[in-house]
Amino acid sequence: MSTWKPPAEGAPTYRILQREGCTIVYGHMPLGAWLRLLRQASDLHVLHAGVARMLGAAAVIGPTEGLARIREQEAAAATGRVRAQLGRAARRLDAQAVRWLAAGEQGPSSLALFTLLTGVRPPHYGGTALDLPRDAQDFRRCRLLVEQVPSLQRSLHRLARRVADPELVSWAALAETWRDLCAQMDHEWPSWRTQAGRAPGVKAMLACFHEVETDRAVLQASRTTASLPLPYRFASVGPGRGDARWGM
């Protein structure tokens with residue numbers, strides 16, 4: 001399939017292609033046209049950001065089987081493009097890691113975990129280390145990452161030993177509890193690899209790590225405020241939000 005090229009002046013700003021039963025949009029589609037496209041889609045169709053990223057498209061929508069076929073067909077080409085984007089950083093990653101960047105199921109938490117475990121920030125990731133998984137779907141993508149890139153298991157174990165590091169305490173605690181999270185997911189959602197499902201127990205466990213991160217942020221903020229000169233501590237309270245005793 002040819003790569004989409006920017007249109008000439010006055011030409012339509014987008015192009016639509018059909019492939020494997022999926023609709024692929026290149027360029028900038030006006031909102032009205034986009035809404036009409038969505039109304040025509042089946043209730044069973046999925047809007048898939050990962051496949052769109054692989055194709056360099058604005059959006060891809062279609063049945064899960066068709067999306068899976070496109071992912072498989074495009075994996076090799078997408079892997080080559082990711083290697084080129086990473087440049088020298090690609091040398092620090094094995095083949096499975098590069099393939100996951102190109103074709104793996106991704107979200108903010110799995111991309112954050114990838115960055116922590118490899119030291120390589122994916123070009124398309126703009127988040128931070130605070131992107132902890134919030135529910136079973138998020139953790140599922142993190143778990144798939146570690147399964148599909150086995151070399152990261154050793155790094156995950158090293159991360160679990162860094163609970164004394166204040167910048168990594170939440171992720172380290174999560175890594176330390178990894179097996180328990182996996183066991184709970186297997187119990188609540190046995191078919192998590194292939195079928196949709198829910199795991200409220202996993203979500204409840206993950207909430208604990210977010211509480212740790214919130215507590216750490218509050219403590220850090222209080223220490224920062226305490227280290228400021230007295231006039232700045234007054235200013236941090238502000239008019240109508242407290243009295244001078246808060247800055248003492």
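Every heavy atom of this structure was used, including side-chain atoms; hydrogens, water molecules and symmetry mates were not.
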Subject >> Atom pair CG (L156) and CZ (R161), whose distance is rounded to the nearest 0.5 Å >> reply: 10.5 Å
Original post:
Would you call T13 and M29 a side-chain contact if the rule is heavy atoms closer than 4.5 Å?
Top reply: no
**OP:** Check step by step if side-chain contact (heavy atoms from CB on, under 4.5 Å) holds for D180 and Q184.
**Re:** CA-CA 6 Å; D180 293 334; Q184 183 66 26; over 6 Å; no
Original post:
Below 4.5 Å, heavy atoms only, C-beta onward: do C208 and T177 meet side chain to side chain?
Top reply: no
Original post:
Which one of R71, E72, E65 satisfies the side-chain contact (heavy atoms from CB on, under 4.5 Å) criterion with R69?
Top reply: E65
**OP:** Can you measure from CG (L174) to NE2 (H210) and round to the nearest 0.5 angstrom?
**Re:** 8.5 Å
Subject >> Inter- and intrachain pairs under salt bridge (charged side-chain N to carboxylate O under 4.0 Å, His left out), touching residues 102-114, at least two apart >> reply: E105-R140
Ignoring hydrogens and angles, write down the donor-acceptor pairs under 3.5 Å from the side chains of residues 77-87, residues two or more places apart or on other chains.
unit_1: T79; atom_1: OG1; unit_2: A75; atom_2: O; d: 2.7
unit_1: R81; atom_1: NH2; unit_2: M54; atom_2: O; d: 2.3

**OP:** With rounding to the nearest 0.5 Å, note down the distance linking CD in E176 to CZ in R162.
**Re:** 14.0 Å
**OP:** Please answer whether the main-chain N or O of D94 pairs with a side-chain N or O of R99 as donor and acceptor at a distance below 3.5 Å.
**Re:** no
**OP:** List the atom of Y125, the atom of T128, and the distance in Å for their closest heavy-atom pair.
**Re:** OH-O, 2.8 Å
Original post:
Any donor-acceptor pair under 3.5 Å linking the side chain of Q148 with the backbone of G104?
Top reply: no
Subject >> Exercise: identify the closest heavy-atom pair between Q106 and W100 >> reply: NE2-O, 2.8 Å
Original post:
Do H124 and L111 come within less than 4.5 Å of each other through their side chains, counting heavy atoms only?
Top reply: yes
Original post:
Taking all non-hydrogen atoms of both residues, which atom of H48 and which atom of G50 are closest, and how far apart?
Top reply: ND1-N, 3.1 Å
**OP:** Could you tell me which non-hydrogen atom of R134 sits nearest to which non-hydrogen atom of D138, and how far apart they are?
**Re:** N-OD2, 3.0 Å
**OP:** Check the surroundings of atom CZ in R154: do more than 12 heavy atoms from other residues, nucleotides or ligands lie under 6.0 Å from it?
**Re:** no
Original post:
Do the side chains of L101 and V98 get nearer than 4.5 Å, heavy atoms only?
Top reply: no
Original post:
Under the side-chain contact (heavy atoms from CB on, under 4.5 Å) criterion, do H45 and T23 qualify, and how do the steps go?
Top reply: CA-CA 10 Å; H45 285 187; T23 300; over 6 Å; no
Subject >> P122 versus F114, closest heavy-atom pair with distance >> reply: CG-CD2, 3.9 Å
**OP:** Verify side-chain contact (heavy atoms from CB on, under 4.5 Å) between T118 and R92, making sure each step is shown before the conclusion.
**Re:** CA-CA 8 Å; T118 65; R92 299 164 58 183; over 6 Å; no
Original post:
Shortest non-hydrogen contact from F209 to S170?
Top reply: O-OG, 3.5 Å
Original post:
Does F139 reach the side chain of S109, with side-chain heavy atoms less than 4.5 Å apart?
Top reply: no
Original post:
Mind checking whether L159 and W178 have side chains closer than 4.5 Å, heavy atoms only?
Top reply: no
Original post:
Are L206 and L132 side-chain neighbours, meaning at least one heavy-atom pair lies under 4.5 Å?
Top reply: no
Subject >> Pairwise distance CG(L130) to CH2(W171) - rounded to 0.5 angstrom >> reply: 10.0 Å
Original post:
How long is the gap from CZ on R158 to CG on L117, to the nearest 0.5 Å?
Top reply: 9.0 Å
Original post:
Could you give the distance from CE (M185) to NZ (K203), rounded to the nearest 0.5 Å?
Top reply: 12.5 Å
**OP:** Flag the pair L67 / C22 as yes when at least one side-chain heavy-atom distance between them is below 4.5 Å, and no otherwise.
**Re:** yes
